[in-house]
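First comes the structure, then the notes that go with it.
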Amino acid sequence: MGCGMFFLDVCHWLLSQSQPGRFLEFSSISPLLGGGFLVILLIRKYVVILRIGVVKFSPARKARLVKFSIVMRVINVVALILGFVAAMNLYPPPYVLPQIFEKISFC
């Protein structure tokens, strides 16, 4: 996934350049990148999975992972909102934030 995003980012950057030769330069390298990615996928499928095996988790563990992912999403949304507030200089009064963290603290 990360390799694909990197590839798209590089393609976008090269297309935004004013020189058309830069894109042709990258398009000669892209089959090598694709081949490398294919090699990684094949090694993962035919070597790594065969040595390590495939794990099937119990329903209890799956339920815990679902709960954990929901909690992490909520925490990330709160962090995102706080980040936007901080970036836009919309700071609340100094006494509000400690009260908010006091309410959501678990200890």
Side-chain angles (χ1 to χ4, degrees):
M1 179 83 175
C3 295
M5 294 303 292
F6 174 74
F7 180 76
L8 290 176
D9 190 34
V10 170
C11 285
H12 178 267
W13 178 77
L14 287 171
L15 287 172
S16 68
Q17 299 296 316
S18 60
Q19 306 155 340
R22 298 287 293 174
F23 182 73
L24 294 174
E25 184 179 305
F26 181 71
S27 62
S28 64
I29 297 172
S30 62
L32 296 174
L33 290 174
F37 188 66
L38 183 65
V39 167
I40 290 172
L41 287 178
L42 291 174
I43 288 174
R44 182 176 161 197
K45 182 176 180 180
Y46 291 109
V47 176
V48 175
I49 292 179
L50 294 178
R51 287 187 177 196
I52 296 175
V54 179
V55 179
K56 294 183 180 177
F57 295 113
S58 68
R61 181 178 170 126
K62 288 180 183 177
R64 280 189 312 217
L65 287 175
V66 167
K67 289 178 188 176
F68 177 74
S69 66
I70 291 170
V71 169
M72 287 306 296
R73 286 180 186 163
V74 169
I75 290 172
N76 285 329
V77 167
V78 169
L80 182 69
I81 291 169
L82 289 176
F84 276 124
V85 168
M88 298 181 72
N89 291 327
L90 299 173
Y91 295 108
Y95 56 86
V96 173
L97 244 113
Q99 290 175 354
I100 291 172
F101 286 120
E102 188 176 288
K103 300 254 189 239
I104 64 172
S105 67
F106 296 109
C107 298

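For clarity, every value in this text was computed on a predicted model and none was experimentally measured. Residue numbers count from 1 along this sequence.
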| Hydrophobic cluster partners of L38 (side-chain heavy atoms under 4.5 Å) | L42, Y46
| request: Run through R61, K67, K62 and flag the one making a side chain to side chain contact (heavy atoms under 4.5 Å, CB included) with L65. | output: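 Testing L65 for a side chain to side chain contact (heavy atoms under 4.5 Å, CB included) against R61, K67, K62 leaves exactly one candidate, R61.
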| query | Among L82, I81, I75, whose side chain to side chain contact (heavy atoms under 4.5 Å, CB included) with V78 holds? | reply | L82
